[in-house]
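Order of the sequence lines sets the chain letters (A, B, ...), proteins ahead of strands, with each chain counted from 1. In this text the structure is predicted, and so the values were computed from the model without any measurement.
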2 protein chains.
Amino acid sequence: MSEGVEWGLHCCVTLAWLGDEEPVPAARLAERFQLPPAYLNKCLQALGRAGILTSTPGARGGFRLARAPERITLLDLVTAIEGPEEAFRCTEIRQRCAEANPASREFLRPCAIAAAMHKAELAWRKELAAQTLADLSAAAPRSARDAALRWFGRGEND
Amino acid sequence: MSEGVEWGLHCCVTLAWLGDEEPVPAARLAERFQLPPAYLNKCLQALGRAGILTSTPGARGGFRLARAPERITLLDLVTAIEGPEEAFRCTEIRQRCAEANPASREFLRPCAIAAAMHKAELAWRKELAAQTLADLSAAAPRSARDAALRWFGRGEND
DNA sequence: CCGAATCTGGATAAATATCATCCAGGATGC
DNA sequence: GCATCCTGGATGATATTTATCCAGATTCGG
């Protein structure tokens with residue numbers, strides 16, 4: 001799994017803590033986590049296209065959550081970064097057997113192997129869909145949240 | 001996920017069908033599925049090191065299942081090919097925050113984000129562990145099994 | 001005992017994906 | 001107007017996956 005998932009998760013949790021009064025520039029988030037600014041920006045763009053973040057261009061612009069943390073699941077995040085394809089992709093090698101006829105009725109139903117892997121993937125997605133950004137923000141220690149608020153200069157308001 | 005997982009699964013299901021009276025050379029399995037022989041061999045070697053297959057060198061040698069299909073789970077197979085690492089790997093970017101002190105007590109407990117991803121991964125593994133090679137062999141249509149037996153010249157005995 | 005078949009493991013190369021940077025263009029606020 | 005900041009494309013660096021080849025060891029069959 002690409003590292004952008006981890007970056008995106010940390011950034012979104014941070015954005016959840018900060019609230020959406022004021023957008024946060026990508027460069028500032030990169031600085032916070034010591035990540036490459038240009039590349040982190042690419043990840044945030046992907047989150048924007050997926051409707052998880054909204055971006056505001058221009059001075060004092062940046063990113064903020066597009067909706068309440070309770071309504072953003074980990075599955076949303078992971079799918080936005082990694083894409084919607086499953087980890088296991090069936091290449092239908094059963095149809096490459098010498099005698100196999102691709103038009104055979106046998107191939108109408110899915111490959112049992114692909115079905116088994118798919119079932120596991122569904123379990124994974126279900127678990128991801130069951131956890132929201134709000135859960136993550138709450139699970140982190142208060143000290144982490146407080147430190148973030150201070151670092152971003154939001155300690156006073158919130 | 002690497003394609004070797006799919007190859008390994010198909011090969012193992014086939015070996016389950018054939019029984020373990022006689023080992024099957026890697027080259028023959030490659031021919032069956034039209035896969036690159038040398039590279040498929042590497043995958044089978046990995047399954048051998050993982051204790052899923054046993055290999056016998058020399059003429060009339062090849063691979064066979066190391067134990068009954070009921071006792072080989074999909075998790076065994078996937079782990080053998082993909083390795084034991086989790087898909088999401090936490091790089092502890094929370095510790096890279098400017099003010100963070102790596103010795104802090106806060107970092108003794110795992111990162112909430114990593115824990116959430118880990119939970120999903122466990123659900124995936126659990127589902128994989130619940131399915132065995134025997135289940136897969138049984139789920140495939142009889143015609144596929146029969147065709148394999150014929151192709152490998154084992155139609156008469158079994 | 002010889003030779004063909006076969007696995008083992010290392011070296012290597014090709015193809016692809018991931019990670020990362022840069023830049024031109026457009027939008028926004030001061 | 002100008003500094004800030006997102007957007008998207010082009011490009012390059014690095015890592016991983018896929019694939020090949022070969023020398024060495026082992027076994028079978030004659």
Check DNA chain C against [range] and give the residues with a non-hydrogen atom under 4.0 Å, in numerical order.
range                     : result
residues 39-55 of chain A : A:Tyr39, A:Lys42
residues 87-97 of chain A : none
residues 73-84 of chain B : none

With sequence neighbours excluded, what pairs up with [X] under the side chain to side chain donor-acceptor pair (under 3.5 Å) test?
X        : result
A:Thr132 : A:Asp135
B:Ser2   : B:Glu82
B:Arg28  : B:Glu31

ask   = Across the strands shown, which category fits B:Ala26 at heavy-atom distances under 4.0 angstrom: base, sugar-phosphate, nothing?
value = sugar-phosphate
ask   = Which residue pairs pass the side chain to side chain donor-acceptor pair (under 3.5 Å) test with at least one member in residues 38-62 of chain B, sequence neighbours excluded?
value = B:Glu22-B:Arg60
key: Of all pairs that satisfy side chain to side chain donor-acceptor pair (under 3.5 Å), the ones with a partner from residues 61-76 of chain A, not counting sequence neighbours   = A:Arg67-A:Asp76, A:Thr73-A:Asp76
query = Looking at residues at least two apart in the chain, or sitting in another chain, which of them share a ring-ring contact (aromatic ring centres under 6.0 Å, His included) with A:Phe152?
reply = none
task = Mind jotting down which residue pairs meet the ring pair (Phe, Tyr, Trp, His ring centres under 6.0 Å) criterion with at least one end in residues 56-82 of chain B? Sequence neighbours excluded, please.
result = none
Within the sub-3.5 Å range, which N or O atoms of nucleotides 24-26 of chain D have a protein N or O partner, and how far apart are they?
{"unit_1": "D:dT26", "atom_1": "O2", "unit_2": "B:Gly58", "atom_2": "N", "d": "3.3"}

key: Boundaries of the DNA chain C segment in contact with chain A, non-hydrogen, under 4.0 Å   = C:dC19 to C:dC30
